[in-house]
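The chains referred to below are lettered A, B, ... by the order of the sequence lines, with proteins before strands, and numbering in each begins at 1.
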Protein chains: 2
Amino acid sequence: MLKVDIDTKMKFLHGFSHKTRIQILESIKTEEKTVSQIVDDLNGNQSNISQHLACLKGCGLIVGRQDGKYVYYRVRNQLVRDLLTMFDVVLEDVQNDIACCKNHID
Amino acid sequence: MLKVDIDTKMKFLHGFSHKTRIQILESIKTEEKTVSQIVDDLNGNQSNISQHLACLKGCGLIVGRQDGKYVYYRVRNQLVRDLLTMFDVVLEDVQNDIACCKNHID
DNA sequence: CACACATATTAGTGATTGCTAATATGATAA
DNA sequence: TTATCATATTAGCAATCACTAATATGTGTG
């Protein structure tokens with residue numbers, strides 16, 4: 001039986017709720033990368049990406065390891081990778097019915 | 001090969017990004033319910049819940065059917081149900097490392 | 001028809017969020 | 001040590017979001 005606190009769950013799910021974070025996850029889904037590689041990949045700004053990385057780490061979705069002056073980030077484990085894949089699978093099935101949330105919530 | 005537009009994907013994922021919406025999804029995961037049943041379940045307010053339902057519908061996660069003066073909502077299909085289950089499975093594995101986002105993003 | 005009930009929509013506002021720019025930390029190399 | 005590069009953190013503000021209250025729509029019933 002799975003026992004999960006709803007607030008913890010929301011923190012976890014928060015990781016998936018921003019375009020930049022999803023792009024980061026996709027960027028490091030199969031190979032670890034340094035912050036600057038990710039910044040380049042996404043054509044983003046260093047501070048911003050760094051903040052999103054901190055968020056993803058806090059959400060338990062990625063892990064980082066320091067190697068010299070670089071920090072390498074990767075997706076936490078296979079389960080998280082599976083979840084990312086599952087998004088695409090479900091989305092493939094659902095996408096024609098998505099109209100959602102121009103102004104969000106409504 | 002899965003082909004998914006990132007903006008469509010974000011609209012889809014937006015559905016999972018709010019506590020009330022997750023609670024709604026859990027509430028109707030295994031059985032359809034009317035709006036007022038959901039409002040009762042969550043101890044929420046009618047307008048608010050109705051807005052979140054519209055969001056979830058727009059995100060492609062739930063469907064509604066009118067029956068007389070009631071509208072019954074249910075989780076769209078088994079894939080979405082699987083995804084909800086998967087959240088719990090992954091979370092079970094990850095939850096001890098979640099500290100995320102007190103002020104969000106950081 | 002008028003009324004009651006169920007749900008949806010809109011408007012307005014307070015709160016939250018995420019960005020940019022600036023600065024700080026930490027690590028290597030000269 | 002100082003300089004440089006990589007990353008992290010902070011502050012402040014602009015933009016976005018979600019709530020409540022009010023109102024509208026739609027459906028059945030007397």
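- The side chain of A:H18 places no N or O atom within less than 4.0 Å of a non-bridging phosphate oxygen (OP1 or OP2) of D:dC17.
- Between A:H52 and C:dC19, a side-chain N or O to OP1/OP2 separation shorter than 4.0 Å is present.
- Taking every heavy atom of residues 24-33 of chain A and every atom of DNA chain D, no pair lies under 4.0 Å.
- Counting heavy atoms from C-beta outward, A:V94 and B:L79 have side chains that stay 4.5 Å or more apart.
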Might you list the N or O atoms of the protein lying below 3.5 Å from N or O atoms in nucleotides 21-30 of chain D, with each pair's distance?
{"residue": "D:dA21", "atom": "N6", "partner": "B:S47", "partner atom": "OG", "Å": "2.6"}

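- Taking atom CD1 of residue A:I22 and atom C1' of nucleotide C:dG18, one finds them 16 Å apart after rounding to whole Å.
- Ring pair B:Y72/B:Y70 is tilted by interplanar angle, where 30° to 60° counts as tilted.
- C:dA6 atom P lies 10 Å from atom CG of B:D40, rounded to whole Å.
- With rounding to whole Å, A:L56 atom CG is found 12 Å from D:dA8 atom P.
- Rounded to whole angstrom, the span from the CG atom of B:L53 across to the C1' atom of C:dT7 amounts to 10 Å.
- Summarising the geometry, the separation between NZ on B:K11 and P on D:dT16 is reported as 15 Å, rounded to the nearest angstrom.
- An OP1 or OP2 oxygen of C:dA8 is reached within less than 4.0 angstrom by a side-chain nitrogen or oxygen of B:Y73.
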